[in-house]
Amino acid sequence: MSATDPEARRVNYLRTMGITAWVRRDRVIEDQPVEAKPERQSPSAATPAPGSASTTSSAPPQATPVNELDWASLQAAVAACQLCALSQTRTTTVFGVGAAAADWMVIGEAPGAEEDRRGEPFVGRAGQLLDAMLAGVSQSRSTAYIANVIKCRPPNNRDPSAEEAACCAPYLERQIELIQPRVILAVGRVSAQRLLGQDVPVGRLRGRVHHFGPRNTPLVVTYHPAYLLRRPSEKAKVWRDLLLARSVLEAETG
Ligand code: URA
C-alpha cells in the first residue's frame, strides 16, 4: 500500500492522533513517512520598527500604519508592542512560525506558558498534537504558517479580553495579507469567533467552509488541540475538518 493511498493515509493519521483505526484484514498498513512540501520562503529576521506602535533607528521617521508594514517591520512592531497590559507580563511576544508564503495558515488563540518562554506558537503538548494533525494533511510547521490571534500570553492562560484582541487584530490581519494563505484553519473558539465575528460555539461553526477578509480566503473551523487532549473522542471530527480544508485547495488547483 503506497503513501499516497487514501486509506493508508487515513489509518496513519488516525494512529498518529491516537484513534483506533479499523482496517480490513487483507489490507496491512505500515507507518508512512509524512511528505512535506518544500518551504517556499522563510520569514526574515526581525528589526525593531514602527507600526502605529513604535519606531527605531532603521525605521522610517514617521509611524507606518500596520496595514502597510512589510514582514520584517511587522515582526519588529509586534516585538515592541505595548498597546495593552499583556506587554507588561509577557516574557516575549509570539509572532508565528512557518513559511511566509504558506498555502495553509493555522490560527490559534494565544501563547501559553511554554510559548511565552520560547517565543514560538504551539510548542507544548497541544502543539505536538497540532503537528500530528498537520502531518495528516502533509503539512508541518515549516510548510504551513502558524500564528495566534493574540501575540502575548494572557496571565494564567485566561481568555483574552475583547480589548486585547482588538489591539492585536491589525497584526494578525497584516500577517494574513502578507502571507495570502489559500486556506485558513481556525483552531478553537477564540480564534474562530474572532475571525468570523460570530459568538457561536465551535461545534456549530466547524464542518463547513467560511470566508475571511477582503480576499475572501476560505476558512475552516476546527477544535483546538488542547480541547482534543481532554476530549480525544472528537479527533475524528477534526480529521474531517482537515480533509475539508485540503479539499478547498484541491478544488482550486483542479
Ligand atoms: N494554544 C494556542 O492557541 N496557541 C498557542 O500558541 C499555544 C497554545
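In listed order, ligands and their atoms are each counted from 1. Quantities reported herein were computed from a predicted structural model and do not represent experimental measurements. Worth knowing before you read on, the calculation uses all heavy atoms, side chains too, and leaves out hydrogens, waters and symmetry mates.
Of all atoms in ligand 1, listed by their number and element, those nearer than 4.0 Å to a heavy atom of P121 are 6 (O). Residue G108 has at least one heavy-atom neighbour below 4.0 Å for each of these atoms of ligand 1: 3 (O). Each of the atoms 6 (O), 7 (C) of ligand 1 lies under 4.0 Å from some heavy atom of E115.
The neighbour count for R208 CZ, taken as heavy atoms of other residues, nucleotides or ligands under 6.0 Å away, is above 12. Other residues, nucleotides and ligands place more than 12 heavy atoms under 6.0 Å from the CD atom of Q180.
Close placement of the W71 and Y145 rings is indicated, their centers lying within 6.0 Å of each other.
Shortest contact from atom 4 (N) of ligand 1 to any protein heavy atom: N148 OD1, 2.8 Å. Atom 1 (N) of ligand 1 has as its closest protein heavy atom H224 NE2, 3.2 Å.
Considering each of G96, S191, A110, G188, the one bringing a non-hydrogen atom nearest atom 8 (C) of ligand 1 is A110.
Tested against E164 for a salt bridge (Lys or Arg N to Asp or Glu O under 4.0 Å), the candidates R158, R153, R90, R194 yield a single pass: R158.
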I would like to know whether V183 and V209 meet side chain to side chain contact (heavy atoms under 4.5 Å, CB included); could you show each step before the answer? CA-CA 10 Å; V183 68; V209 180; over 6 Å; no

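Of the heavy atoms in E109, both backbone and side-chain atoms come closer than 4.0 Å to ligand 1.
Using modelled atom types and a 3.5 Å distance limit, the side chains of Q139 and T143 yield a donor-acceptor pair.
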